Q: 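Below is the structure I would like to discuss, written out as structure tokens.
The structure presented is a predicted model; accordingly, all values stated were derived computationally and were not measured. In listed order, ligands and their atoms are each counted from 1.
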Amino acid sequence: MVDRKQELVEEMKTEKHDAIVLSSADEKTVQKNFAASLKASPLHDDEILANLGLYLTSKNLSRILFFYEIYKKIVHNHGIIAEFGVRWGQTLSVLSALRGILEPFNRHRKIVGFDTFEGFRGMSEKDGDACKCKDGSFSVTPDYEEYLDKLLHMQEQLNPMSHLKRYELVKGDAIQTVPEYLRRHPETIISLAIFDFDIYAPTRAALEAVRPHLCKGSILVFDELCDDIFPGETVALMETFGLNNVRVRRLPMTSRISYLEIE
Ligand SMILES: C[S@@+](CC[C@H](N)C(=O)[O-])C[C@H]1O[C@@H](n2cnc3c(N)ncnc32)[C@H](O)[C@@H]1O
């Protein structure tokens with residue numbers, strides 16, 4: 001029985017990294033074919049960006065729509081957006097585009113992303129072993145943060161006030177970098193904090209560090225609450241804010257991602 005469970009977990013591992021993806025074998029085949037079709041796209045170079053929707057699946061689109069709904073909730077709240085766990089940076093880029101659409105002249109809505117850009121750091125027993133990850137899982141390619149920096153710069157160039165840089169990438173272990181950033185920027189108010197480190201130690205450190213910088217109405221998004229593969233994120237929230245004190249909400253279009261509002 002245990003062996004079969006282990007076999008199933010092995011079958012669910014993706015080829016890219018160690019994480020478990022709960023797609024069926026058939027779904028994985030179609031996803032692979034989609035990716036191959038994107039790489040072999042016959043579209044003209046100057047039409048690719050305008051036609052990226054060709055390759056958006058319902059699952060991937062739902063995540064973008066989630067952030068659209070969340071962004072609308074903060075447009076009347078002052079403060080920056082911080083993402084804890086950036087990886088390839090799609091969420092940062094989407095948020096930058098949404099800022100260009102929803103509040104192009106809000107120069108205070110800085111978007112800040114924290115990541116080692118070298119994968120997980122600080123896995124502990126509170127993360128269990130279901131995820132089959134280790135320190136270094138979810139790493140990106142060398143110097144990826146430089147590539148992402150260029151993309152975020154281009155996003156800003158296509159929107160108003162492009163002479164002002166309104167994003168920042170903070171590289172390193174969040175246990176140190178988040179408190180350091182907030183010491184350097186005591187003026188920070190956080191209107192939206194997105195927790196996506198997946199694991200306990202940096203999530204707990206970031207939750208503790210941001211708490212004095214939240215206001216009523218600030219929104220905290222979590223990618224792995226109540227998730228049996230990554231239990232550490234829930235434990236970090238339980239130990240800092242206490243689950244009894246918060247209302248954890250979700251939107252019907254996405255399964256894993258949830259949010260709460262400071263009341
Ligand atoms: C699931 S990925 C984030 C995905 C991203 N939010 C997105 O929407 O595509 C988790 C990220 O957390 C980062 N991470 C894990 N432990 C960290 C730590 N101690 N300090 C900084 N980043 C960490 C990893 O490097 C990884 O990129």
Side-chain angles (χ1 to χ4, degrees), residues 13-14 16-22 56-57 59-71 81-98 111-128 130-149 151-152 155 167-182 192-210 219-225 227 229-236 254-259:
K13 283 189 175 179
T14 65
K16 294 190 301 284
H17 50 73
D18 296 336
I20 294 164
V21 172
L22 298 176
L56 272 179
T57 63
K59 183 177 167 214
N60 296 335
L61 178 59
S62 70
R63 198 173 167 90
I64 293 173
L65 294 176
F66 175 91
F67 281 103
Y68 170 58
E69 295 298 331
I70 292 293
Y71 203 124
I81 296 174
E83 187 182 34
F84 302 103
V86 167
R87 199 151 193 249
W88 302 112
Q90 170 172 260
T91 304
L92 290 184
S93 190
V94 165
L95 289 166
S96 179
L98 287 172
I111 299 174
V112 188
F114 296 85
D115 207 297
T116 59
F117 294 104
E118 293 171 354
F120 286 179
R121 195 171 312 163
M123 280 204 74
S124 66
E125 71 285 353
K126 299 213 179 185
D127 297 303
C131 74
K132 303 291 163 205
C133 291
K134 52 187 182 305
D135 276 4
S137 293
F138 282 82
S139 60
V140 284
T141 46
D143 302 321
Y144 181 74
E145 65 280 8
E146 289 168 24
Y147 176 81
L148 178 58
D149 190 82
L151 288 184
L152 294 174
Q155 274 285 11
Y167 71 90
E168 190 169 340
L169 295 175
V170 184
K171 180 173 171 148
D173 187 343
I175 293 177
Q176 280 97 44
T177 57
V178 178
E180 270 166 23
Y181 175 89
L182 292 168
L192 171 61
I194 301 156
F195 294 90
D196 197 7
F197 287 138
D198 296 356
I199 59 173
Y200 169 77
T203 306
R204 182 175 169 143
L207 279 165
E208 279 171 352
V210 303
I219 290 190
L220 312 189
V221 167
F222 295 87
D223 206 35
E224 268 84 23
L225 286 189
D227 190 287
I229 298 174
F230 288 107
E233 193 175 282
T234 312
V235 176
T254 51
S255 169
R256 206 178 53 204
I257 193 161
S258 60
Y259 70 97

Q: Can you list the ligand 1 atoms lying under 4.0 Å from a non-hydrogen atom of Gly172?
A: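 Contacts of ligand 1 toward Gly172, numbered from 1: 20 (N), 21 (C).
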
Q: Using a plain distance cutoff, I'd like to know if Phe114 has any nitrogen or oxygen under 3.5 Å from a nitrogen or oxygen of ligand 1.
A: no

Q: Quick one: sort the Phe230 and Phe138 rings into parallel, tilted or perpendicular, breaks at 30° and 60°.
A: perpendicular

Q: State whether the side chain of Tyr71 and the backbone N or O of Leu95 hold a donor-acceptor pair below 3.5 Å, judged by distance alone.
A: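 No, because the side chain of Tyr71 does not come within donor-acceptor range (under 3.5 Å) of the backbone of Leu95.
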
Q: In terms of residue, atom name and distance, what is the protein heavy atom nearest to atom 27 (O) of ligand 1?
A: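 The protein heavy atom lying closest is Asp115 OD2, 2.7 Å.
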
Q: Indicate yes or no: does an N/O atom of Ile199 lie under 3.5 Å from an N/O atom of ligand 1?
A: no

Q: State whether the shortest distance between N or O atoms of Gly122 and N or O atoms of ligand 1 falls below 3.5 angstrom.
A: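 No - when backbone and side-chain N and O of Gly122 are compared with those of ligand 1, no distance drops under 3.5 Å.
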
Q: In the protein, which heavy atom is nearest to atom 15 (C) of ligand 1, and how far is it?
A: Phe120 CA, 3.4 Å

Q: Can you check whether Glu118 has an N/O within less than 3.5 Å of an N/O in ligand 1?
A: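 In this structure, Glu118 places no N or O atom under 3.5 Å from an N or O of ligand 1.
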
Q: When you compare ligand 1 with Ser137, is there at least one nitrogen or oxygen pair between them that comes in under 3.5 angstrom?
A: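 The answer is no, given that Ser137 and ligand 1 share no N or O pair closer than 3.5 Å.
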
Q: Test side chain to side chain donor-acceptor pair (under 3.5 Å) on Thr203 and Glu233 and set out the steps.
A: CA-CA 6 Å; Thr203 306; Glu233 193 175 282; 4.9 Å; no

Q: State whether the side chain of Asp173 and the backbone N or O of Gln176 hold a donor-acceptor pair below 3.5 Å, judged by distance alone.
A: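 Looks like no, no N/O pair under 3.5 Å.
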
Q: Consider every N or O of Asp196 and every N or O of ligand 1, then say whether any pair is closer than 3.5 Å.
A: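 For ligand 1, there is an N or O atom that lies under 3.5 Å from one belonging to Asp196.
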
Q: Strictly below 4.0 Å, N to O, side chains only: are Asp223 and Arg63 in salt-bridge contact?
A: yes

Q: Quick check: Asp173 and ligand 1, any N/O pair under 3.5 Å apart?
A: yes

Q: For ligand 1, is there an N or O atom under 3.5 Å from any N or O atom of Arg121?
A: yes

